[in-house]
Amino acid sequence: MHQKKPRDTHIDTMAARKKITLPELPPEILLFQILPRLPAKSLLRFKCVCKQWRSFLTTSIFTKMQLHYATTVDHHEKLILFIPGSTSRCKFLTIDCEDGLIAPPRYCPFPGNTAATKITSSVNGLVCVGVWNNAKALSDIILWNPLTDEYKTLPIPVDRKCYNIPFLVHELCYTCTDDDYKILRINVHGNVYIYSLKSDSWRKLESKLDHPDSIPYAGDHHNLLDENLHFLVNHRTRNLIIRLDLKTERFTKIAVPSTCRDGLLRLMVVKGCIHLTVFKEDFSSRTWTIEEWRMDGDGSWTKVVNSICSIQDLSFLGPLYLMRNGNWLMCTKNDICKVDPKKNTKDHLSSSTPLAIYQIGIYIETFVSPNQYTH
Amino acid sequence: MSKKTLTLMSKDKQLFNIEEHLAVQSVTIRNMVKEDGASSVIPLPRVDSETLALVIEYLNRQQAPEEDEDYVKKFVDERGEIPTLLELAQAALDLDIKKLMDAACMKVADLIKDFTLEEVREALRIENDRTPEEEKAIRDEFQWAF
């Protein structure tokens, strides 16, 4: 062991304090390579370390680097839940999707009653929240970063029908070709409205979704892959995937595998491919079949997982998240469970009291600001 | 065909031999070899001999490609001292050995992520240039994270 650079030095701390970093170590490693790989929550604390870190951690270049690692290398998704709070502010808590750790509850920075506030979608750490006054239309749409607590209330569209309820799709997405955040709303008549954060305005698309009998698929499972938005609809009692190409703004209809035409579906992107999982109950044997299908580039489907699960009461559960170890996080009426399809076990995430859940969404922790284009 | 050997020289003027086909995993060295054949000694003025010995050990590994990810993880795990890892990361950055740099940086991030502010400053020798009042203001803003 060499004595040159002891870590736990107690002597000579005054001399050490005078140095900014380790001897001869240029700042590029610390600032550009190590800080962006830290979890966002550690970074919030580390803003206090020194002035240089504080100013560096708030730059847009750092936000981009941290986003890169948070979405690729150490992808760590979190559940965000709205739970009972006050009448004027929503209370929320977050749960790490992989280790199940529950963070202490906080209040949303924007006004709104929990019962009239809906988490609609999330991308790159921004969460899109809809607030309504009555059952017919939204009164506001809010873009919010739950990590930094920054938020923005969107301008009301000229065409007020854009905010009507119900709708087929309400999706926040990021398009890298123009480095813009967009919100897509498709109503039940197939009209498409797009909000651009950069221009801070709404527009209505020329093209229309031509499936007049489609009804929204419960659970709002939308997925963006290569600037194509995929979403499930229920068309004349059959499940169907619709793809909207955000560049050409055209719709394509994609048939699901024949075994997925009914059953409980979950659409997601896994390693650059669209995956579709179907949960089906066999009423005679009281078992559940779980099939996972992968869509390849040519639109064909390959079955990648097939398991039979004999957990009772699975019908009350909605699939939320597929963990790295193959377990599923599922949502019951008022709690989150971890389901192991191989061992046929179901455990509640919170060991003490069940969580009363109003709303649930999935997001990642980043420093992306909803006000980035107006700063 | 005989294997060609390159000589690398550390900051403290120590010489290390390594077979060329292994050394060119470093993009920096690969480019030097391409440009002038690198017949003479390659000086690495920012890498000390202890760190260079580690880099050479890594470049000389005999791993099957499918085990490489696990190997590099284990390699940095076994050198869990922050100063060593920082030097290693810096050397890997200079020499452009991406996997080694990624693993070393990830390991440091992993080690410090739960540190207190004082532990971070201690480990990375950073001077606290904030007044207690300034620190409190930031703490109050993001109280839930502390």
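Source: prediction; values computed, not measured. Both backbone and side-chain heavy atoms feed into the values below; hydrogens, waters and symmetry mates do not. We name chains A, B, ... by the order of the sequence lines, and we start the count at 1 in each one.
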Closest heavy-atom pair and its distance - [X], [Y]:
X        : Y        : value
A:Leu38  : B:Ala109 : CD2-O, 3.2 Å
A:Phe46  : B:Phe115 : CE2-O, 3.6 Å
B:Lys113 : A:Ser42  : O-OG, 2.8 Å

**Prompt:** Quick one: ring pair (Phe, Tyr, Trp, His ring centres under 6.0 Å) partners of A:Phe110, sequence neighbours excluded?
**Reply:**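 Applying ring pair (Phe, Tyr, Trp, His ring centres under 6.0 Å) to A:Phe110 gives A:Trp144, A:Tyr151.
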**Request:** Answer yes when B:Asp102 and A:Arg37 have at least one side-chain N-carboxylate O distance shorter than 4.0 Å, and no when they do not.
**Result:**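 Result for this pair is yes, salt bridge flagged.
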**Message:** I'd like to know if the side chain of A:Arg45 reaches the main chain of B:Leu117, judged simply by a donor and an acceptor atom lying under 3.5 Å from each other, with no hydrogens or angles considered.
**Reply:**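 Answer holds: no.
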**Main-chain N/O of A:Lys51 paired with B:Asp129 side-chain donor or acceptor, under 3.5 Å** =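 Yes.
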**Message:** Do A:Val49 and B:Asn128 have side chains that approach each other closer than 4.5 Å (heavy atoms only, starting at C-beta)?
**Reply:**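 Side chain of A:Val49 against side chain of B:Asn128, heavy atoms only: no contact under 4.5 Å found.
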**Request:** Indicate yes or no: at least one non-hydrogen side-chain atom of B:Leu93 is less than 4.5 angstrom from one of A:Phe32.
**Result:**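 In short, these two side chains do not touch, never coming nearer than 4.5 Å.
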Out of curiosity, [X] [atom1] to [Y] [atom2], how far, rounded to the nearest 0.5 Å?
X        : Y       : atom1 : atom2 : result
B:Glu127 : A:Gln52 : CD    : CD    : 11.5 Å
B:Asp110 : A:Ile34 : CG    : CD1   : 11.5 Å
B:Gln90  : A:Leu30 : CD    : CG    : 9.5 Å

**Request:** Mind ranking B:Lys107, B:Glu119, B:Met101 by heavy-atom pairs under 4.5 Å with chain A and telling me who comes out on top?
**Result:**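 Top option by heavy-atom pairs under 4.5 Å: B:Met101.
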**Prompt:** Given the rule in the side chain to side chain contact (heavy atoms under 4.5 Å, CB included) test, do B:Val108 and A:Ile29 qualify, once you have shown the distances and angles that lead to the verdict?
**Reply:** CA-CA 11 Å; B:Val108 177; A:Ile29 276 286; over 6 Å; no
**Prompt:** Does anything in residues 130-146 of chain B get under 4.5 Å of chain A by heavy atoms, and if so which residues?
**Reply:**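 Residues of residues 130-146 of chain B touching chain A at under 4.5 Å: B:Arg130, B:Glu134, B:Glu135, B:Ile138, B:Arg139, B:Glu141, B:Phe142, B:Trp144, B:Ala145, B:Phe146.
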**Message:** So for A:Leu147, is it side chain, backbone, both, or neither that comes closer than 4.5 Å to the heavy atoms of chain B?
**Reply:**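 A:Leu147 touches chain B through backbone and side-chain heavy atoms alike.
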